[in-house]
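Shown next, in structure tokens, is the structure this report addresses.
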Amino acid sequence: QVHLVESGGGLVRPGGSLGLSCTTSGNIFMAVAMGWYRQAPGKERELVATITSGGSTNYADSVKGRFTISRGDTKNTLYLQMNSLKPEDTAVYYCNIRGYERPQSPQSDYWGQGTQVTVSY
């Protein structure tokens, strides 16, 4: 079974920086893409950034130029560097892997439990 664990959340002042990490336990036969999503109180979960197995990245317009998604050297490790943080970035941030657990498995989404990011004075 696949488990994702996020870390690195916390409280930061506006304009500050924070880095999130996501590690995976269990095996995934093939990850098609990995990404970060966030959910603010009273709002739906939204895409923050994704990176494909080929290295192509995609960012929400609201974070372009401020956030950077990257993969680690360890298989299925994911990072999100967040700079110039704004109060509206406050949310629970979730790590996601979209892929196949086994060769005959259907494509599935795997989620972490989330980590809180609060941007405030």
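One-based numbering along the sequence shown. Just the heavy atoms: all of them, side chains too, but no hydrogens, waters or symmetry mates, feed the values below. Being a predicted model, the structure only gives us computed values, none of them experimental.
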Given Gln39 and Glu46, is the side chain to side chain contact (heavy atoms under 4.5 Å, CB included) satisfied, shown in steps? CA-CA 6 Å; Gln39 187 167 17; Glu46 63 176 4; over 6 Å; no
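- The two residues Ala49 and Tyr59 have their closest heavy-atom pair at CB-CD2, 3.5 Å.
- Leu80 has its side chain out of reach of Thr68: every pair of non-hydrogen atoms, C-beta onward, lies at least 4.5 Å apart.
- Considering every non-hydrogen atom in both Ala40 and Ala91, the closest pair reads N-CB, 3.8 Å.
- Using a 4.5 Å heavy-atom cutoff, the side chains of Leu18 and Val117 are in contact.
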Under the criterion side chain to side chain contact (heavy atoms under 4.5 Å, CB included), I'd like the reasoning laid out for Leu11 against Ser120: C-alpha separation, chi angles, the key distance, then a yes or no. CA-CA 7 Å; Leu11 174 64; Ser120 176; 4.3 Å; yes
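- Residues His3 and Gln113 have side chains not in contact (no heavy-atom distance under 4.5 Å, counting atoms from C-beta outward).
- With hydrogens and angles ignored, the 3.5 Å screen pairs a side-chain donor or acceptor of Thr115 with a backbone N or O of Gly9.
- Linking Ile, Leu, Val, Met, Phe, Trp and Tyr whenever their side-chain heavy atoms come within less than 4.5 Å puts Val12 and Val63 in one cluster.
- With a 4.5 Å cut-off on side-chain heavy atoms, Arg13 and Val119 do not count as touching.
- To the nearest 0.5 Å, the span separating OG1 on Thr118 from CD on Gln116 amounts to 4.0 Å.
- Hydrophobic clustering (ILVMFWY, side-chain heavy atoms < 4.5 Å, transitive): Leu47 and Tyr93 are in distinct clusters.
- For the pair Ile97 and Thr24, the minimum side-chain heavy-atom distance is below 4.5 Å.
- There is no path of hydrophobic side-chain contacts, each under 4.5 Å, that joins Tyr79 to Tyr110.
- Around CG of Asn83, the count of heavy atoms belonging to other residues, nucleotides or ligands within 6.0 Å exceeds 12.
- With rounding to the nearest 0.5 Å, the separation of CZ in Arg38 from CG in Asp89 is 5.0 Å.
- Gln1 CD: 12 or fewer foreign heavy atoms inside a 6.0 Å radius.
- Cation-pi geometry between Arg45 and Tyr94 is met: under 6.0 angstrom from the ring centre, within 45 degrees of the axis.
- In this structure, CZ on Phe67 lies 9.5 Å from OG on Ser17, to the nearest 0.5 angstrom.
- Ile51 places a side-chain heavy atom less than 4.5 Å from the side chain of Leu78.
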Going through the checks in order, is the side chain to side chain contact (heavy atoms under 4.5 Å, CB included) test met by Glu88 and Thr90? CA-CA 5 Å; Glu88 50 264 43; Thr90 295; over 6 Å; no
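- A donor-acceptor distance shorter than 3.5 angstrom exists from the side chain of Arg71 to the backbone of Ser53, with no hydrogens or angles considered.
- For Trp111 and Tyr37, the gap between ring centers is short of 6.0 Å.
- With hydrogens and angles ignored, the 3.5 Å screen pairs no side-chain donor or acceptor of Glu101 with any backbone N or O of Ser105.
- To the nearest 0.5 Å, atom CD of residue Gln81 and atom CD1 of residue Ile69 are 12.5 Å apart.
- Residues Ser21 and Glu6 are not in side-chain contact: their nearest non-hydrogen atoms beyond the backbone lie 4.5 Å or more apart.
- Within a 6.0 Å radius of CZ in Arg66, other residues, nucleotides and ligands contribute more than 12 heavy atoms.
- In summary, Lys64 and Asp61 engage in a salt bridge, as defined by a charged side-chain N under 4.0 Å from a carboxylate O.
- The closest side-chain heavy-atom distance from Leu20 to Met82 is below 4.5 Å.
- Counting non-hydrogen atoms of neighbouring residues, nucleotides and ligands closer than 6.0 angstrom, the CD atom of Glu44 reaches no more than 12 such neighbours.
- Using a distance-only test at 3.5 Å, with no hydrogens or angles considered, a donor-acceptor pair links the side chain of Ser108 to the main chain of Pro106.
- Legend: disulfide (SG to SG under 2.5 Å) pairs involving residues 91-121, not counting sequence neighbours, sorted by first then second residue: Cys22-Cys95.
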